[in-house]
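Below: the structure, in structure tokens.
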Amino acid sequence: MVCTSLALSVRLLSPESFWVVVSDMRTPGGLNGADVHAWVVQHRPELADRIVFITGDIANEETVATLRETGAPA
């Protein structure tokens, strides 16, 4: 399933069953990859170690810090 916004993704993650979550770190719509990770940790902790981040923004210190903090592969 592909979602066009992170807000929609969070709504779909609530009731659905997924094997993995792939999220860009920088997206339009008010949420970012770090927000999705925080939501998953709180609401779907069984998926917390199955998040893969993609990003073209590796030079951004906030992005690098988030990737290190979450331990999620990028």
Side-chain angles (χ1 to χ4, degrees):
M1 177 175 295
V2 175
C3 296
T4 57
S5 76
L6 291 178
L8 174 59
S9 300
V10 167
R11 285 200 312 265
L12 291 175
L13 279 171
S14 294
E16 298 292 332
S17 176
F18 291 92
W19 287 92
V20 67
V21 175
V22 178
S23 177
D24 199 335
M25 288 299 295
R26 301 275 179 212
T27 60
L31 295 175
N32 62 33
D35 296 327
V36 170
H37 183 268
W39 186 92
V40 167
V41 167
Q42 184 175 4
H43 299 282
R44 296 289 307 272
E46 73 279 9
L47 291 175
D49 64 347
R50 292 188 267 157
I51 298 176
V52 176
F53 291 115
I54 58 173
T55 186
D57 192 24
I58 198 68
N60 182 296
E61 290 181 28
E62 182 182 344
T63 299
V64 172
T66 298
L67 294 173
R68 285 186 181 137
E69 289 170 14
T70 64

Inset, instruction - Count the heavy atoms belonging to other residues, nucleotides or ligands that lie under 6.0 Å from CD of Glu46, then report whether that count exceeds 12. - result: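 More than 12 heavy atoms, drawn from other residues, nucleotides or ligands, come within 6.0 Å of this atom.
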Inset, instruction - Please report the shortest heavy-atom distance between Met25 and Asn32, naming the atom on each side. - result: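 It is O-CB, 3.2 Å.
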Legend entry - Residue pair Ser23 / Gly33: nearest heavy atoms and the distance that separates them: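 In this case the closest contact between Ser23 and Gly33 is OG-CA, 3.7 Å.
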Legend entry - Straight-line distance of Phe53 CZ to Thr70 OG1, nearest 0.5 Å: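 Reported value, rounded in 0.5 Å steps: 4.5 Å.
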Legend entry - OG1 on Thr66 to NE2 on His37, rounded to 0.5 Å: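 Nearest 0.5 Å value for the NE2-OG1 distance: 9.5 Å.
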Inset, instruction - Flag the pair Val20 / Ile51 as yes when at least one side-chain heavy-atom distance between them is below 4.5 Å, and no otherwise. - result: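 The answer is no, as the side chains (C-beta and beyond) never meet within the 4.5 Å cut-off.
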Legend entry - Working for side chain to side chain contact (heavy atoms under 4.5 Å, CB included), residues Thr55 and Asp24: CA-CA 6 Å; Thr55 186; Asp24 199 335; 4.3 Å; yes
Inset, instruction - List the steps and the verdict of side chain to side chain contact (heavy atoms under 4.5 Å, CB included) for Val40 and Arg50. - result: CA-CA 10 Å; Val40 167; Arg50 292 188 267 157; over 6 Å; no
